[in-house]
Amino acid sequence: MITDLINTLAEFTAYLFPFECMDAMFMQHAMLALLFIAPLTAISGIQVVNARMSFFSDAIGHSAFAGVALGLLSGISLNLSMPLTAVLVGLLIMFLHRSSRLSSDTVIGVIFSAVAAAGLAIISRDRAAAGNIQMFLFGDILTITPEQIGGMGLLLILFIIFQLFAFNKLLLIGVNPMLASVHRVKVRLYQYLFALLLALVVISSVRAAGVILVTALLVVPAAAARNFAVSAGSQFFLTLGIGYFSCISGLLLSAQESINIPAGSAIVLVAVLIFFLSLGFQLLLPKRKSDSAL
């Protein structure tokens, strides 16, 4: 039933984007997955940039290697072992950050090194797994299955429910945790819940952009929107718009014969282009203000 629903929704994307490349079912599945991934990464990206957690998301992305290794050792499906490992790594980082005197960068660096090294060490001993490692490094959204898309849809629903209650609180925690505590925000609870959901968002996005580019998928749209935005509300909608535009246009561009590059690379390149345009806008903005004052 879930598969039929996903296939129906995927076919609808061909009507939304009437391009020749969208006639293929794998492109329809990829587009539907990106329509789920875009809001997940965009909203998470705002909080990642605000709380300076880009290195955290990078460590979670590299936990994909450890997740593959865990799946190989235990016989668990990668669709379960990778999210499980990501969640454990995310919660461990948050625990060590809160309970030790080390800086967050130091804690993340240690865990980052451990999970990446352990995962690669185990994978390198299995030729079959080593042969498929490129998919995790660079992403391959075109191979996504209806079951995986269904998982992304469920994650999106949970994520939206959480953000309805926590978005403003997380922004306040990112600015000043002590101030958030004064305003009776349960800082520890929200930090752990956000770490858990962010881990799931990152590991779900690995299939789209790969371990190498997954952090860019979160950070670049939010950073570009921050240059354009004049308020927290405008930053939210701009980030969402940039995220959707980057994902949709990147996938469509990657399918063109004259371009023919991985979808994840195309998506990130579009987002980076928008970022540089926003940088130019920000540089011109003071001049515009001074001109108007004259």
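Side chains are part of it too, since the values below use all heavy atoms of this structure and drop only hydrogens, waters and symmetry mates. Remember, it's a predicted structure, so these values are computed and weren't measured experimentally.
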Do any side-chain atoms of residues 158-173 form donor-acceptor pairs under 3.5 angstrom with protein atoms, and if so which ones, sequence neighbours left out?
residue : atom : partner : partner atom : Å
Gln163  : OE1  : Gln47   : NE2          : 2.8
Gln163  : NE2  : Gln47   : OE1          : 3.2
Lys169  : NZ   : Phe165  : O            : 3.1

Residue pair [X] / [Y]: nearest heavy atoms and the distance that separates them:
{"X": "Ala266", "Y": "Gly250", "result": "CB-O, 3.2 Å"}
{"X": "Ile43", "Y": "Phe236", "result": "CG1-CE1, 3.8 Å"}
{"X": "Val115", "Y": "Ala59", "result": "CG2-O, 4.2 Å"}
{"X": "Thr41", "Y": "Leu217", "result": "CB-O, 3.9 Å"}

Those residues at least two apart in sequence (or on a different chain) that pass side chain to side chain donor-acceptor pair (under 3.5 Å) with Thr3 are Glu147
With sequence neighbours left out, the residues meeting side chain to side chain donor-acceptor pair (under 3.5 Å) with Ser113 are none
Look up atom [atom1] in [X] and atom [atom2] in [Y], then write down how far apart they are to the nearest 0.5 Å.
{"X": "Phe228", "Y": "Gln282", "atom1": "CZ", "atom2": "CD", "answer": "10.0 Å"}
{"X": "Leu91", "Y": "Leu96", "atom1": "CG", "atom2": "CG", "answer": "11.0 Å"}
{"X": "Thr239", "Y": "Leu218", "atom1": "OG1", "atom2": "CG", "answer": "11.0 Å"}
{"X": "Ile242", "Y": "Arg226", "atom1": "CD1", "atom2": "CZ", "answer": "13.5 Å"}
{"X": "Ile108", "Y": "Ile60", "atom1": "CD1", "atom2": "CD1", "answer": "8.5 Å"}
{"X": "Ile111", "Y": "Leu92", "atom1": "CD1", "atom2": "CG", "answer": "4.5 Å"}

Look at the side-chain heavy atoms of Ile, Leu, Val, Met, Phe, Trp and Tyr, link any pair under 4.5 Å apart, and say whether [X] and [Y] land in one connected group.
{"X": "Phe275", "Y": "Leu273", "result": "no"}
{"X": "Val110", "Y": "Ile93", "result": "no"}
{"X": "Leu277", "Y": "Val272", "result": "no"}
{"X": "Ile2", "Y": "Ile149", "result": "yes"}

Note to self: Does His97 form a side-chain contact (heavy atoms from CB on, under 4.5 Å) with Phe56? I'd like the steps, not just the answer.
What the structure shows: CA-CA 11 Å; His97 169 56; Phe56 178 92; over 6 Å; no
Residues pairing under side-chain hydrogen bond (donor to acceptor under 3.5 Å, both in side chains) where one sits in residues 78-87, two or more places apart or in two chains, turn out to be Asn79-Gln148
So the side-chain hydrogen bond (donor to acceptor under 3.5 Å, both in side chains) pairs with at least one residue in residues 252-281 (sequence neighbours excluded) are Asn227-Ser278
- Query: Between the main-chain N or O of Ala66 and the side-chain N or O of Ser63, is there a donor-acceptor pair closer than 3.5 Å?
  - Reply: no
Side-chain donor/acceptor of Thr13 to backbone N/O of Leu9, under 3.5 Å: no
Applying side-chain contact (heavy atoms from CB on, under 4.5 Å), can you list everything that pairs with [X], at least two apart in sequence or on another chain?
{"X": "Val270", "result": "Phe245, Ser246, Ser249, Leu253, Ile274"}
{"X": "Val219", "result": "Val48, Val49, Ser54, Thr215"}
{"X": "Leu80", "result": "Ile76"}
{"X": "Val175", "result": "Asn50"}

By ring-ring contact (aromatic ring centres under 6.0 Å, His included), Phe112 pairs with (sequence neighbours left out) Phe55, His62
Return a table of donor-acceptor pairs under 3.5 angstrom between the side chains of residues 16-40 and protein atoms on other chains or two or more places apart.
residue : atom : partner : partner atom : Å
Gln28   : NE2  : Met22   : O            : 3.0
His29   : NE2  : Asn7    : OD1          : 2.8

Please check if the number of heavy atoms outside Arg188 that lie under 6.0 Å from its CZ is greater than 12. no
Non-hydrogen side-chain atoms of Ile6 and Thr145 separated by less than 4.5 Å
no
If you apply the rule side-chain contact (heavy atoms from CB on, under 4.5 Å), what do you find for Leu269 with Ile261, and how did you get there?
CA-CA 11 Å; Leu269 286 173; Ile261 61 174; 4.3 Å; yes
Let me have the donor-acceptor pairs involving side chains of residues 194-205, under 3.5 Å, with sequence neighbours excluded, atom names and distances please.
residue : atom : partner : partner atom : Å
Ser204  : OG   : Leu200  : O            : 2.8
Ser205  : OG   : Val201  : O            : 2.8

